[in-house]
Amino acid sequence: DPKQGNILSFFKKS
Amino acid sequence: MLELRLVQGSLLKKVLEAVKDLVNDANFDCSATGFSLQAMDSSHVALVALLLRSEGFEHYRCDRNISMGMNLGNMAKMLKCAGNDDIITLKADDGSDVVTFMFESPTQDKIADFEMKLMDIDSEHLGIPEAEYHAIVRMPSSEFARICKDLSSIGDTVVISVTKEGVKFSTRGDIGTANIVCRQNTTVDKPEEATVIEMNEPVSLTFALRYFNSFTKATPLSNTVTLSLSSELPVVVEYKIAEMGYIRFYLAPKIED
């Protein structure tokens with residue numbers, strides 16, 4: 001099954 | 001000193017109903033631009049971004065940028081005490097650890113003050129890069145909510161595929177499978193009933209359905225919803241808030257190992 005992605009791997013802390 | 005007067009107080013009530021189950025605590029940021037919030041759910045799978053522009057308020061006073069930490073469940077409890085036709089005013093003094101919600105009935109014959117404690121919240125503000133999306137689908141928000149609800153009775157995940165045929169929502173579970181295809185349909189009586197598909201490239205992504213069902217709590221805010229999809233980027237589910245701004249939900253896709 002595909003794994004759930006994480007927002008922090010797409011958007012960086014500003 | 002902060003003082004924000006919103007004639008259409010029901011908008012704020014609807015915003016809280018839309019986010020309170022996704023995010024427990026969040027900082028509301030107030031600046032000359034407007035009243036905004038950015039927060040992730042506790043598992044960092046979804047992010048919500050809200051903007052209510054200052055021009056949308058009847059009175060907007062924000063002497064300096066301020067961040068107010070609030071428990072969204074408690075804020076929703078307080079706003080539930082406002083009538084749907086009430087004018088809502090938010091007030092906070094500089095350095096204060098409370099925010100006051102004032103509710104005025106349209107005829108001014110009932111005025112209520114609710115004071116809520118603020119909290120210190122360590123939150124990480126994320127930069128959301130501008131992206132070119134492979135496909136953008138605009139559809140009636142009630143239709144999207146219906147699809148998410150129906151599919152979640154069959155399976156836990158949804159595959160959203162956009163091709164030149166239309167947008168397909170698919171799921172599978174123990175009892176079977178389901179596919180719902182929505183074609184572009186612009187020959188409707190009202191523009192908000194249209195389904196409009198802009199596709200630069202075909203795209204197919206897999207998401208956890210329970211998050212979509214949470215996002216659809218924003219349905220009362222807008223007649224239409226926009227889904228912006230690109231391969232291996234979070235989907236953006238946007239509900240525009242008329243004359244004021246938007247609420248956007250970002251959901252990380254499920255990714256093959």
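Just the heavy atoms: all of them, side chains too, but no hydrogens, waters or symmetry mates, feed the values below. Proteins get letters first, then strands, A, B, ... in listed order; numbering begins at 1 in each. This structure is a prediction, so every number in the text was calculated from the model and none was measured.
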Student: Against chain A, label B:Ser43 side chain, backbone, both or neither, depending on which of its atoms sit under 4.5 Å from a heavy atom there.
Tutor: backbone

Student: So which heavy atom on A:Gly5 is nearest to which on B:Ile255, and how close?
Tutor: CA-CD1, 4.4 Å

Student: Is the number of heavy atoms from other residues, nucleotides or ligands under 6.0 Å of B:Lys254 NZ greater than 12?
Tutor: yes

Student: When you compare the side chain of A:Lys12 with that of B:Leu126, does any pair of heavy atoms fall below 4.5 Å?
Tutor: no

Student: Look at atom CG of B:Asp156 and say whether more than 12 heavy atoms of other residues, nucleotides or ligands are closer to it than 6.0 Å.
Tutor: no

Student: Supply the atom-to-atom distance A:Gln4 CD to B:Leu251 CG, rounded to the nearest 0.5 angstrom.
Tutor: 6.0 Å

Student: Going through the checks in order, is the side-chain contact (heavy atoms from CB on, under 4.5 Å) test met by A:Phe11 and B:Tyr250?
Tutor: CA-CA 10 Å; A:Phe11 301 151; B:Tyr250 297 82; 3.7 Å; yes

Student: Taking atom CG of B:Asp94 as the centre, does the number of heavy atoms from other residues, nucleotides or ligands within less than 6.0 Å exceed 12?
Tutor: yes

Student: How long is the straight-line distance from OG of A:Ser9 back to CD of B:Glu232, given to the nearest 0.5 Å?
Tutor: 10.0 Å

